[in-house]
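What follows is a single structure, written as structure tokens, with notes after it.
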Amino acid sequence: MTSATSPAPIPVAKVTRATVARQAPPATLVIFGGGGDLTKRLVVPALYNLVRAGRLADGFSIVGIGRGDADTQSWHHNLRQMIESLAAEGGGEFSSDGIDEEAWDWLARRMTFLTGDFTQPEVYGRLKTVLAEQAAKQVNGNVLFYLAVADKFFGPIIEHLGRAELVRQTAGAWRRVVIEKPFGHDLASARALNAQILGILNEDQIYRIDHFLGKETVQNILVLRFANGIFEPLWNRDHVSHVQITAAETVGVETRGRFYDGTGALRDMVPNHLFQLLAMIAMEPPISFNANDVRAKKTELFCAIHPISPEDAVRGQYGAGRVLGKPVRDYRHEPNVAPDSTTETYVALKLGIDNWRWARVPFYLRTGKYLAARTTEIAIHFRQAPYALFRETPVERLPRNILTLRIQPDEGLSVSFSAKRPGQDIEIDGVAMDFSYSDYFEPLTAVGYETLIYDCLIGDPMLFQRADTVEAAWCAVQPVLDAWAGRPPGDFPNYAAGSSGPDTAARLLAREGHTWLPIGAGPHRRRSR
Ligand code: BG6
């Protein structure tokens, strides 16, 4: 396949927002798990980037809560070291031009660390005093509680916050809670957690995070679909043959064996991250860009997923192999993983959506650890031309029209189509038109949590999961969880680290005459010359 990729972008009308950065209202951010990895790697670096972007108001402050013997000074020190190492790494996720001292000082001046056990009431009393002092300084008493802790603590912390009357909103002062993933580990536990926290908080106080929605390319799917006239007429069963959604990783389970072995690829990635991609691609147009209208369409989509039959679900576990040129061990020998573990590190599913738009259009989803390449993409495969006009080129052999949305890395979009190969004969070849973010836009210095945190502060829940959305997603995958719980896999490990996953995943598509796109080699990158 040849590629029509042009490095020099065609001049196009530029639509820019001429607005001055809108600052979030003053608030105190209380981070439970202040000493943890998530806080260090993502939350605080995102705050630092928000400071640099001028998005945080003067009355902003941070209170970290954690166990151990850290104090405010040592907390600063640890966080600063992390920012320094991110700045030194540079690259797409962080600015490489050194640490911005002014921005860091601005943030550091506003940080307080409270040492304490957040499973005990005592620390909430001290927190109340600190918040009262902050509220007096900031005039308002807005507080965003961020639960950067293991999921077993979500319910208990919110109970404590409720008992200490820390989540009661007063006129002009809001109290919101950010909950990290995983939200439940099946339908029953997600329902129980929702019931527990909704006994204390209103739905509009709860921000359930899915970090995939912090990715620019995921947010762009809505713009692609609803700010352009050319795609939506094709976006249905009359024109789409099937859709492939891939989240392939080149990392293994790393140091997360204890968490991952009790979780597996299905729970870890599907009802949350992959379903967010599915929703963006497949939901009906919302009647407005208002959070509840958008979230209602997502929920509706999840409710329309046909109960997944166990025959349409494939699981895999990696054996030893080579990833990115380096030898790696098999999953069962990873730290804190049972030597006879039956936990899946790969999952592929075929989904049907029972609505008018998508009836009989299969959606194939796959994700796995230690695969051949790191790539997250959505490929929409269009139907073939209806009959073979060109002699000697049967329609089945014509290259497919595929619209590929590259979520990460190498963010962009490509459309593959047929073109005549220059010459006297009619020879048809597959080519691609390609758009890369980097050709048009300056790289953004972001860790992916900036928009999410900012949206919590301004009270825009569009990118967060509502209770019914989370439950509808678990409901869709529950039949597979049930089937797998009663039927241990007999053939694990069944794919080599560094491969494309188990053979059974290929058979899932072959049954219907389809083939997965090669991992990490989308149509835009294939060349026949
Ligand atoms: C996390 C999962 O939520 O998402 C990880 O727990 C996974 O297992 C990660 O690696 C993938 O996110 P990203 O942004 O690196 O694609």
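First listed ligand is number 1; within each ligand, the first listed atom is number 1.
With Lys369 as the fixed residue, the salt bridge (Lys or Arg N to Asp or Glu O under 4.0 Å) test singles out one of Glu344, Glu249, Glu334: Glu249. Of the listed residues (Tyr370, Tyr495, Tyr260, Tyr318), just one forms a side-chain hydrogen bond (donor to acceptor under 3.5 Å, both in side chains) with Thr345, and that residue is Tyr495.
A distance limit of 4.0 angstrom between heavy atoms and ligand 1 selects the residues Lys181, His211, Phe212, Lys215, Glu249, Arg256, Asp268, Met269, His273, Lys369, Gln408.
More than 12 heavy atoms of other residues, nucleotides or ligands shown are found within 6.0 angstrom of CZ on Arg329.
Relative to the six-membered ring of Phe231, Arg225 misses at least one condition, a distance below 6.0 Å or an angle of at most 45° to the axis. Both tests do not hold together for Arg332 against Phe492: distance to the six-membered ring centre under 6.0 Å, angle to the ring axis within 45°.
When only modelled atom types and interatomic distance are considered, Tyr331 and Asp261 share a side-chain donor-acceptor pair under 3.5 Å.
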